[in-house]
Amino acid sequence: MKKFKRYTVTSALPYANGPVHIGHLAGVYIPSDIYTRYLRIKGQDVISVCGSDEHGVPITLKAKKEGITPQQVVDRYHKIIKDSFKEFGIEFDIYSRTSNKIHHETAAEMFRTINEKGGFIEKTTKQYYDTEAKQFLADRYITGTCPHCNYEAAYGDQCEKCGTSLSATELIRPKSAISGAKPSLRETRHWYLPLDKSQAFLEKWILEDHKDWRPLVTGQCKSWFQTGLQPRAVSRDLDWGVPVPAKNAEGKVLYVWFDAPIGYISATKEYTPDWEKYWKNEDTKLVHFIGKDNIVFHCIIFPAMLKSAGDYILPENVPANAFLNLEGNKISTSKNWAVWLHEYLRDFEGQQDALRYALTAAAPESKDNDFTWRDLQAKNNNELTAVFGNFVNRAAVLTQKYYNNKVPQPNAFNQEDEAVFEKLVAIKAKIENNIENYHFRAALKEMMQAARIGNKYLADSEPWKLVKIDPERVKTILYVALQITATLAVLCEPFLPFTAVKLKKILSTNFLNWENAGTKNILPTGHTIGKAELLFAKVEDAQIEAQMKKLSQAKKNNQMENKSIAAQKATISFEDFSKADIRTGTILEATKVPKTKKLLKLLVDTGLDTRTVVSGIAEYYKPEEVLGKKVSILINLAPRKLKGIESQGMILMAEDAEGKLIFITPQGDAKNGTEVN
RNA sequence: UGCGAGGUAGAGCAGUUGGUAGCUCGUUGGGCUCAUAACCCAAAGGUCGCAAGUUCAAAUCUUGCCUCCGCAACCA
């Protein structure tokens with residue numbers, strides 16, 4: 001395997017239109033932090049770069065909605081995100097932002113470089129333009145009627161009712177989702193990255209040269225290759241972003257997906273003038289940590305960009321994670337279905353490692369996973385506290401009791417003692433191997449195994465019994481136990497940095513390093529350790545219940561917003577349903593019922609007969625409008641007198657978004673009297 | 001609909017080139033008392049999504065189906 005001299009580790013730039021939640025942490029930031037912390041402890045030359053992604057349409061929309069500038073939006077979230085990362089112990093060497101001057105310059109320069117090499121093509125297309133909001137509209141921001149199923153709220157890229165994928169120009173009665181105005185088609189010219197020309201190179205690079213990538217990642221790339229890569233626009237008509245540095249490019253900015261990954265480079269530049277060795281030197285290992293939604297950008301598009309620009313190295317690996325769900329549902333920023341990092345830090349002060357542990361243990365490395373609060377509690381209380389914390393406490397307390405906090409002088413090691421050291425060495429090797437191959441979940445498990453070995457060692461050797469009959473042996477036992485503890489302090493650092501600090505304080509040592517973990521004299525005889533203190537606090541039921549309550553509140557709020565959609569009614573049997581006799585019919589006559597606001601008196605041909613029905617639709621329909629209308633009618637409803645007129649059935653109606661009643665009209669040529677089933 | 005990735009004990013996950021199904025937590029029983037009622041030992045618990053096929057032998061290979069997730073060209 002290739003030997004690298006230094007590492008450049010990137011973590012997907014969080015989008016600055018909301019705070020960071022546990023899905024981001026489990027998918028990207030915790031794995032990248034484990035990886036870089038590990039490399040740092042081993043003394044490698046590594047930089048970890050990240051920053052806020054601050055451009056793009058959603059941010060401008062949010063600003064508009066709140067009546068502030070996009071800059072104010074990103075300033076707000078950049079601060080929240082940056083602060084919460086720091087407090088959570090995600091240790092970037094630099095956390096930058098794409099609204100920075102240095103980023104604008106770097107991104108513009110990248111564009112120019114590629115452009116000068118003829119790496120773009122220019123194309124003019126027709127796109128919908130919102131004359132009121134004065135901007136071009138992405139397909140997603142156009143709604144209209146689906147040409148296939150007539151669903152009225154279809155998006156410009158897809159109809160969610162019938163699932164057909166659409167292009168915005170197919171929509172009947174298109175409407176801007178931003179202003180509600182009717183958009184018009186306008187010509188616009190854009191630069192495109194001709195990915196099709198890079199396909200051959202990318203296919204070889206990914207499928208042949210990097211067979212060690214995760215199946216999830218390779219699979220998705222394959223999927224793209226099969227369809228065939230197409231040119232992709234790198235510019236956009238918008239006033240928020242990096243201006244396109246070219247002639248005739250007024251009002252055009254670099255499209256966010258082009259701009260964002262360059263943020264890794266500009267962050268590096270901001271960090272060190274010596275940035276080029278991290279991006280242009282073949283001895284450097286570049287690793288991108290991302291979520292699965294970002295695979296195409298980091299495995300296909302960004303490499304194609306880097307390649308076109310020349311000089312740049314390409315990623316060695318892109319360990320993308322799948323998604324984390326929360327209590328069985330997808331995490332959603334807009335629905336507030338999330339555990340926000342800044343809120344966790346407030347609600348669980350000093351318990352960063354509990355979340356780090358739970359999220360690493362449940363990391364969605366190969367498939368989507370579910371996070372539950374009960375699981376966090378169980379992992380913290382039954383694993384971290386019970387196994388790890390308890391062992392450390394046992395060793396420290398025994399040392400305090402028997403040796404006044406001094407590491408005792410051991411006698412010759414017996415077979416059990418030797419076995420312990422052998423296991424520790426093996427565990428350390430497994431952790432290294434797992435981390436280097438991005439198996440952080442497995443690495444964490446191994447780390448805990450070291451604590452288990454400690455507990456078992458104490459339980460098997462029973463120093464508290466032996467102290468009365470063989471005090472010399474107890475010295476060796478406690479010596480060994482303390483070596484295990486010190487090894488733990490080293491091995492846990494990539495995963496549980498706060499615990500590592502505490503543990504080193506308990507051992508009152510700062511001379512531990514990765515290389516001597518698992519060795520027989522990591523903590524020398526005669527060294528005085530500090531006072532025993534608890535490493536972990538338990539997570540109490542009350543804390544969990546408070547969080548669950550918060551979530552159910554979020555759920556309730558969502559339901560309030562979607563109030564128009566009523567919950568499903570109680571299940572009925574087929575017999576119940578078949579009692580209802582619904583027929584198609586035609587309205588023959590309609591007259592307003594005098595002295596009422598709502599009622600129309602209708603004469604309906606039901607196929608069986610002609611009958612009178614009184615219906616509460618007068619607010620929405622004039623009598624002449626409903627004449628001859630095909631309707632569905634429930635005919636065996638018990639007759640009822642309304643304003644003195646006997647109503648002999650009920651016209652089926654639905655309510656639309658504005659509360660207006662609309663007829664359930666049979667499609668096509670249903671004869672009057674046809675049964676509706 | 002197409003493509004990709006999953007579906008393995010109550011939960012979360014391993015299972016290398018096909019050869020007796022494993023780990024952690026939880027559950028049950030026992031032991032211990034140095035320790036945050038923590039720790040240690042043992043047991044129970046699985047027709048490996050379903051169906052068919054290849055094979056002496058399939059969680060593992062082939063085919064079909066069911067199901068969940070993602071992507072599908074301007075969605076970041």
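Predicted model, so just to flag it, every value in this text is computed and none were measured. In what follows, chains carry the letters A, B, and so on, assigned in the order in which the sequence lines appear, proteins first and then strands, with residues in each chain numbered from 1.
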**Item:** side-chain contact (heavy atoms from CB on, under 4.5 Å) partners for A/H21, two or more places apart
**Value:**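 Partners of A/H21 under the side-chain contact (heavy atoms from CB on, under 4.5 Å) test: A/H24, A/I331, A/T333, A/A338, A/W340.
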
**Message:** My understanding is that only residues two or more places apart in sequence, or in another chain, count here; which of them pass side-chain contact (heavy atoms from CB on, under 4.5 Å) with A/V28?
**Reply:** A/S11, A/A12, A/F289

Quiz: residues 470-482 of chain A side-chain donor-acceptor pairs under 3.5 angstrom, not counting sequence neighbours:
from	atom 1	to	atom 2	distance (Å)
A/D470	OD1	A/R473	N	3.3
A/E472	OE1	A/N411	ND2	3.0
A/E472	OE2	A/K475	NZ	3.1
A/R473	NH1	A/D417	OD2	2.9
A/R473	NH2	A/D417	OD1	3.0
A/T476	OG1	A/N411	N	2.9
A/Y479	OH	A/K520	O	2.7

**Prompt:** With sequence neighbours excluded, what pairs up with A/S332 under the side chain to side chain donor-acceptor pair (under 3.5 Å) test?
**Reply:**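 With neighbours one apart ignored, the set is A/S334.
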
**Asked** What pairs of residues pass the side chain to side chain donor-acceptor pair (under 3.5 Å) test when at least one of them lies in residues 356-367 of chain A, not counting sequence neighbours?
**Response** A/D33-A/R356, A/Y357-A/E383

**Asked** Among pairs that include at least one residue of residues 318-328 of chain A, which meet side chain to side chain donor-acceptor pair (under 3.5 Å), considering only residues two or more places apart or in two chains?
**Response** A/R214-A/N321

Of [range], the positions that come close to RNA chain B - non-hydrogen atoms, cut-off under 4.0 Å:
| range | answer |
| --- | --- |
| residues 391-399 of chain A | A/N393, A/R394, A/V397, A/L398 |
| residues 233-240 of chain A | A/A233, A/R236 |
| residues 457-475 of chain A | A/A459, A/W464, A/K465 |

**Prompt:** How would you list, by chain and number, every residue that makes a salt bridge (charged side-chain N to carboxylate O under 4.0 Å, His left out) with A/D460, sequence neighbours excluded?
**Reply:**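 Salt bridge (charged side-chain N to carboxylate O under 4.0 Å, His left out) check on A/D460 returns A/K456.
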
**Message:** Restricting to ring-ring contact (aromatic ring centres under 6.0 Å, His included), what partner residues turn up for A/Y438, sequence neighbours left out?
**Reply:** A/Y35

**Asked** Given the rule that a pair is Watson-Crick or G-U wobble with both distances under 3.5 Å, how would you write RNA chain B in dot-bracket, using | for pairs to a different strand?
**Response** ((((.(((.[[[[.)...(..]]]].(((((.......))))).....[[[[[..)....]]]]])).))))....

**Message:** Using side-chain heavy atoms (C-beta onward) and a distance below 4.5 Å, is A/K330 in contact with A/W337?
**Reply:**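 A side-chain contact is absent here, since even the closest heavy-atom pair is not under 4.5 Å.
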
